[in-house]
There are 2 protein chains.
Amino acid sequence: MNVHQPRQRLVTLSDVARAAGVGESTVSRVLRKHGSFSKGTQDRVAEAVARLGYVPNRLAGSLAGSANSTGPQLVGIVIPSLTNIVFPDLLRGIAGGLDAVGFQSVIAVSDYDPEREEALIGALLSWRPAGLIVTGLEHTPGAVARLRASGVRIVEMVDTDGPGLDIVVGFSNRAVGRASAEHLLGRGYRRIGFVGHDLDRDLRAGKRLAGFAAALAAAGHPLRDREILAGPSSAAAGREALGRLLARTTDLDAVYFSNDDMALGGYFHCLAAGLSIPGRLALFGYNGLDITAAMPQPLSTIRTPRLRIGEVAAERLGAGGPAEIVDLGFELIEGATA
Amino acid sequence: MNVHQPRQRLVTLSDVARAAGVGESTVSRVLRKHGSFSKGTQDRVAEAVARLGYVPNRLAGSLAGSANSTGPQLVGIVIPSLTNIVFPDLLRGIAGGLDAVGFQSVIAVSDYDPEREEALIGALLSWRPAGLIVTGLEHTPGAVARLRASGVRIVEMVDTDGPGLDIVVGFSNRAVGRASAEHLLGRGYRRIGFVGHDLDRDLRAGKRLAGFAAALAAAGHPLRDREILAGPSSAAAGREALGRLLARTTDLDAVYFSNDDMALGGYFHCLAAGLSIPGRLALFGYNGLDITAAMPQPLSTIRTPRLRIGEVAAERLGAGGPAEIVDLGFELIEGATA
DNA sequence: AACTGGATTGGCAGCGCTGCCAAATCCTGG
DNA sequence: CCAGGATTTGGCAGCGCTGCCAATCCAGTT
């Protein structure tokens with residue numbers, strides 16, 4: 001149980017072969033149910049495996065099988081953060097999809113840092129994964145070079161606003177922003193503000209704002225004011241930011257938030273300040289945080305197919321086929337706050 | 001880019017050695033900064049690596065180095081779910097702690113299914129990880145046998161209410177329940193109900209309730225009623241469950257929730273139903289969901305050191321030393337709802 | 001009884017890298 | 001200019017497993 005003791009020699013395939021009185025390759029075949037072997041052999045091998053408590057060594061298996069059909073059974077995943085609920089949901093989808101084919105995932109978190117992402121990609125590739133799933137389309141030149149050179153299937157998820165390396169699964173963040181703006185405009189709101197987080201690092205949030213602002217401008221009602229807080233999105237940040245925004249620009253009739261948790265914070269601000277929603281102020285979020293559906297007034301927001309994106313990413317990873325962009329779209333939830 | 005093409009032969013260490021005009025072991029030494037070599041050699045190796053775009057194969061490295069100092073650089077993690085915010089937070093802590101030592105984590109999700117957990121433990125062990133981090137203390141006999149036989153460091157996290165296999169990092173869920181009950185009793189609440197999720201599967205939630213109910217009973221004010229919904233915790237479930245509970249048992253003056261998201265749902269129910277908090281009904285949650293701090297009335301709840309648990313788990317994994325229980329405690333947030 | 005084709009089986013090279021050890025090289029003082 | 005020790009280097013045997021291929025076995029044929 002203690003790592004410091006020289007690690008006990010574990011049971012190997014050849015131990016099993018000896019115990020079962022058969023050859024190594026026979027054991028290997030039985031274990032992988034590959035090739036032919038008799039029922040009797042199978043039973044004897046199974047018995048020996050159980051008796052010795054044999055655990056196959058996949059490092060060796062993958063090494064030996066590399067460049068062959070067996071191939072590796074690891075998939076590398078790079079996500080920017082675990083703080084935002086989006087990413088656990090994506091992982092959940094991926095885990096589901098991968099399970100189906102018996103792959104295991106090695107996960108690394110980049111903290112929205114492109115340099116770090118590059119390093120992590122290198123580290124993941126060194127495990128010779130069957131494929132890599134990364135987030136977004138923007139990577140350092142070094143990262144792109146590594147991905148290209150790796151020769152494995154690459155899936156870039158979440159964002160479809162731009163050219164991808166191989167498989168791209170997600171939706172258009174710009175279109176999300178645009179749709180949000182159009183919804184607000186359609187409801188008659190004209191003096192619209194924005195509350196957001198950390199746009200320099202979260203490039204997708206930046207694209208949403210760009211789409212949103214462009215649509216407003218095109219309609220002749222440009223974004224009136226914005227309050228952007230550094231750091232990740234959170235309810236507390238949303239509440240504080242909305243307070244500041246309203247103190248500064250008092251005549252806003254609607255606010256678009258970079259994320260539902262920010263919007264929830266904004267909702268709490270209005271509740272505490274006694275501002276009626278959507279009469280005095282309309283709120284519009286992003287991301288279909290489940291919680292927002294349980295609010296007394298369900299939040300008006302955009303729901304993105306996070307789980308599905310993960311599933312499709314996992315699925316496509318195993319499949320062959322040409323490079324491709326899979327746009328899974330998004331859904332506008334009318335809600336009651338805008 | 002396409003998996004179907006016979007995977008191109010990747011650059012190997014011996015390619016680098018040839019290109020740099022040195023021996024393989026020299027390249028290996030330079031790359032691992034282990035042993036001695038001249039500056040000139042180092043430069044030539046570095047140049048060749050860069051020129052050829054060499055990516056070391058850690059499968060081979062770990063295999064060759066196994067049973068030796070180099071050892072494996074993977075850590076296996078089994079968590080029951082990604083839906084509950086707790087687990088991403090734990091992962092975040094682990095990722096932080098592991099980064100420091102350059103380990104990579106292979107993550108598997110058991111869906112609160114012990115059989116599945118056992119299978120996943122087997123799968124993870126087959127990667128010959130440096131250690132395994134699992135959730136909770138309850139495992140199938142088969143899982144325990146595998147963990148024991150693996151000879152690697154095991155960390156069981158989150159729960160300290162019982163005997164562990166090796167290292168245990170967490171807090172007492174029973175004590176959490178007890179402390180919650182004592183807080184409510186101390187505030188004068190006497191007719192107390194409970195709203196929870198899926199206790200059969202989430203054993204920790206079950207232990208919290210057990211501690212809570214025991215403390216109430218000991219004080220002579222036994223739990224008056226409970227409403228338990230199948231399925232994972234969520235705000236929507238909390239809202240609905242509270243509604244049902246109150247419809248059935250109208251004289252409750254406080255409700256304990258199995259989770260903050262459930263409690264938030266309960267809060268929304270009160271808001272919508274016009275019940276004053278905590279005058280008409282007090283609410284007490286669990287888990288210090290960040291969002292609850294931004295509520296107009298901050299939720300009274302218990303904050304658990306999730307991030308820290310992950311960090312300590314990762315840290316202990318690499319360290320030697322005897323089996324041990326690390327109780328990181330928890331913090332009661334007074335809030336304004338109870 | 002010899003023969004045939006398919007089902008089973010075992011031997012062994014080799015996946016890419018590291019550890020060990022011997023060989024080569026470099027210094028420094030005498 | 002050389003011995004003797006320190007530093008640097010290369011060769012090679014594995015790590016545990018899989019793929020390939022030749023060997024063996026067996027039931028059915030001729």
Side-chain angles (χ1 to χ4, degrees), chain A residues 6-45 48-49 52 54-74 125-129 150-151, chain B residues 6-45 48-49 52 54-74 125-129:
Chain A
R7 209 168 176 162
Q8 50 189 290
R9 208 179 77 70
L10 294 167
V11 181
T12 69
L13 195 156
S14 89
D15 295 329
V16 174
R18 208 171 313 114
V22 299
E24 297 187 19
S25 35
T26 302
V27 176
S28 172
R29 249 166 296 160
V30 171
L31 259 30
R32 285 175 299 131
K33 306 191 201 320
H34 179 274
S36 60
F37 46 82
S38 66
K39 184 69 174 66
T41 306
Q42 178 173 23
D43 292 342
R44 272 181 303 144
V45 169
V49 165
L52 301 181
Y54 170 66
V55 177
N57 184 333
R58 290 229 229 175
L59 291 178
S62 287
L63 218 214
S66 73
N68 289 312
S69 55
T70 312
Q73 259 113 326
L74 284 176
L125 284 175
S126 73
W127 292 104
R128 294 294 185 267
S150 71
Chain B
R7 210 165 172 164
Q8 49 189 293
R9 211 180 74 68
L10 295 168
V11 182
T12 71
L13 195 157
S14 88
D15 294 329
V16 175
R18 207 170 315 115
V22 300
E24 296 186 21
S25 35
T26 302
V27 176
S28 173
R29 251 166 298 168
V30 171
L31 258 30
R32 284 175 301 133
K33 307 192 200 322
H34 178 275
S36 61
F37 44 82
S38 66
K39 184 72 174 67
T41 307
Q42 177 173 24
D43 292 343
R44 271 182 304 143
V45 169
V49 165
L52 302 181
Y54 170 67
V55 177
N57 183 335
R58 291 230 228 173
L59 292 178
S62 288
L63 218 213
S66 73
N68 290 310
S69 55
T70 312
Q73 259 115 326
L74 283 177
L125 284 175
S126 72
W127 292 106
R128 294 292 183 270

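Proteins come first, then strands; the chains are lettered A, B, ... in the order of their sequence lines, and each starts at number 1. Computed from heavy atoms alone, side chains included, the values below leave out hydrogens, waters and symmetry copies.
One can place CG of B:Leu59 at 10 Å from C1' of C:dC15, the figure rounded to the nearest angstrom. Residue B:Gln73 contributes atom CD, which lies 10 Å from atom P of C:dT18 at whole-angstrom precision.
Every residue two or more places apart in sequence or in another chain that forms a side chain to side chain contact (heavy atoms under 4.5 Å, CB included) with A:Arg58 is listed here: A:Gln73, A:Gln104, B:Ala123, B:Ser126, B:Trp127. Not counting sequence neighbours, the partners of B:Ser25 by the side chain to side chain contact (heavy atoms under 4.5 Å, CB included) test are B:Arg29. Residues satisfying the salt bridge (charged side-chain N to carboxylate O under 4.0 Å, His left out) test with B:Lys39, not counting sequence neighbours, are B:Asp43. The side chain to side chain contact (heavy atoms under 4.5 Å, CB included) check on B:Ser28 picks up B:Leu13, B:Arg32, with sequence neighbours excluded.
A:Thr12 has no side-chain polar atom (N or O) that falls below the 4.0 Å cut-off from OP1 or OP2 of D:dG16. The side chain of A:Arg32 contributes an N or O atom lying less than 4.0 Å from OP1 or OP2 of D:dT18.
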- Message: Working note: B:Val55 + B:Val11, criterion side-chain contact (heavy atoms from CB on, under 4.5 Å); need CA distance, chi angles, decisive distance, verdict.
- Response: CA-CA 7 Å; B:Val55 177; B:Val11 182; over 6 Å; no
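Proximity of A:Arg128 to B:Leu10: side-chain heavy atoms (C-beta onward) are separated by under 4.5 Å at one or more points.
Atom-to-atom distance recorded for B:Ser38:OG and B:Arg44:CZ is 7.0 Å, nearest 0.5 angstrom. The CG atom of B:Asn57 sits 5.5 Å away from atom CG of A:Leu63, with the distance rounded to the nearest 0.5 Å.
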Protein and nucleotides 9-11 of chain C: nitrogen or oxygen contacts under 3.5 angstrom:
from: C:dT9; atom 1: OP1; to: A:Ser38; atom 2: OG; distance (Å): 3.1
from: C:dT9; atom 1: OP1; to: A:Thr41; atom 2: OG1; distance (Å): 2.5
from: C:dT9; atom 1: OP2; to: A:Ser38; atom 2: N; distance (Å): 2.9
from: C:dT9; atom 1: OP2; to: A:Thr41; atom 2: OG1; distance (Å): 3.1
from: C:dG10; atom 1: OP1; to: A:Gly23; atom 2: N; distance (Å): 3.4
from: C:dG10; atom 1: OP2; to: A:Gly23; atom 2: N; distance (Å): 2.6
from: C:dG10; atom 1: OP2; to: A:Thr26; atom 2: OG1; distance (Å): 2.5
from: C:dG10; atom 1: N7; to: A:Ser25; atom 2: OG; distance (Å): 3.0
from: C:dG10; atom 1: N7; to: A:Arg29; atom 2: NH2; distance (Å): 2.9
from: C:dG11; atom 1: N7; to: A:Ser25; atom 2: OG; distance (Å): 3.4
from: C:dG11; atom 1: O6; to: A:Ser25; atom 2: OG; distance (Å): 3.0

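The C1' atoms of five pairs define one axis at each end of the helix from C:dA1-D:dT30 to C:dG30-D:dC1, and these two axes lie 50° apart (to 10°).
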